[in-house]
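Just below is one structure, and these are the notes that go with it.
As a basis for the values below, the full set of heavy atoms in this structure was taken, side chains included, without hydrogen atoms, waters or symmetry mates. Sequence positions, counted from 1, serve as the residue numbers for this chain. These figures come from a predicted structure and were not determined experimentally.
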Amino acid sequence: MDKEQQELYENARKRLRQKKNVYFHFVLLVIGSLFMFIANIYLEFGAPNHWYIWAVTVWVFLFVLHFIKVFITDRFMNKDWEREQIQRLVEKQQQKIDGLKSKISNE
């Protein structure tokens, strides 16, 4: 396997691991939310307050952030995007250097 194929394989493994973690986070969210609901309502843990609502709300917010990071942000800002940005910045710096060199040689 050449270097490019190895890099593609590693990126695919990383992406798969990220998606797997999001799915695991979702399952954990559902089970944890159910457990907190049962503990608060049926076992009367922390009664009469309905604290589980706030805990689940915060947890859902964190899950949404995790989901956005994996399926939206990382999807568009991946290694190819980084390479393009680096290449663009290098070209811009090279143009400035070339401009300075030509300015110096003209003087």
*Is F63 reachable from V27 through a run of hydrophobic residues whose side-chain heavy atoms are each under 4.5 Å from the next?*
no

*Taking atom NZ of K92 and atom CD1 of I97, what is their separation to the nearest 0.5 Å?*
13.5 Å

*asked:* In this structure, would L89 and L100 fall into the same cluster of hydrophobic residues linked by side-chain contacts under 4.5 Å?
replied: no

*asked:* So K19 and V22, do their side chains get closer than 4.5 Å, heavy atoms only?
replied: no

*Donor + acceptor pair across side chains of E91, Q87 (<3.5 Å)*: yes

*Using a 4.5 Å cut-off on heavy atoms from C-beta on, say whether the side chain of Q5 contacts that of D2.*
yes

*Roughly how far apart are N21 CG and K69 NZ, rounded to 0.5 Å?*
10.0 Å

_Let me confirm one number: the CD1-NE2 distance from I53 to H50, rounded to the nearest 0.5 Å._
6.0 Å

*Are any of the side-chain heavy atoms of W59 and L28 separated by less than 4.5 Å?*
yes

*Would you check, one step at a time, whether the test side-chain contact (heavy atoms from CB on, under 4.5 Å) holds for F71 with Q18?*
CA-CA 9 Å; F71 287 100; Q18 286 178 333; over 6 Å; no

*Going only through I, L, V, M, F, W and Y residues with side-chain contacts under 4.5 Å, is there a path from L65 to F26?*
no

*asked:* Over 60° means perpendicular and under 30° means parallel, so tell me whether F37 and Y42 are parallel, tilted or perpendicular.
replied: perpendicular

*asked:* For residues W54 and V60: do they belong to one hydrophobic cluster (side chain heavy atoms under 4.5 Å, members Ile, Leu, Val, Met, Phe, Trp, Tyr)?
replied: no

_pair F67-H25: side-chain heavy atoms closer than 4.5 Å_ = no

*Counting only heavy atoms not in W51, do more than 12 fall under 6.0 Å of its CH2?*
yes

*Is the backbone of V70 close enough, under 3.5 Å, to the side chain of R15 for a donor and an acceptor to pair up by distance?*
yes

*asked:* I need the N11 CG to L16 CG distance, nearest 0.5 Å.
replied: 12.5 Å

*Reported CD1-to-NE2 distance for the pair I68 and H66, which is rounded to 0.5 angstrom*: 11.5 Å

*Should R88 and Q85 count as side-chain neighbours, where that means a heavy-atom distance under 4.5 Å?*
yes

*Honestly curious: do F35 and L43 fall in one hydrophobic cluster under the side-chain, below-4.5 Å linking rule?*
no

*Pairwise distance CD1(I38) to CE(M36) - rounded to 0.5 angstrom*: 11.5 Å

*Polar contact flag, side-chain donor to acceptor under 3.5 angstrom, Q94-D98*: yes

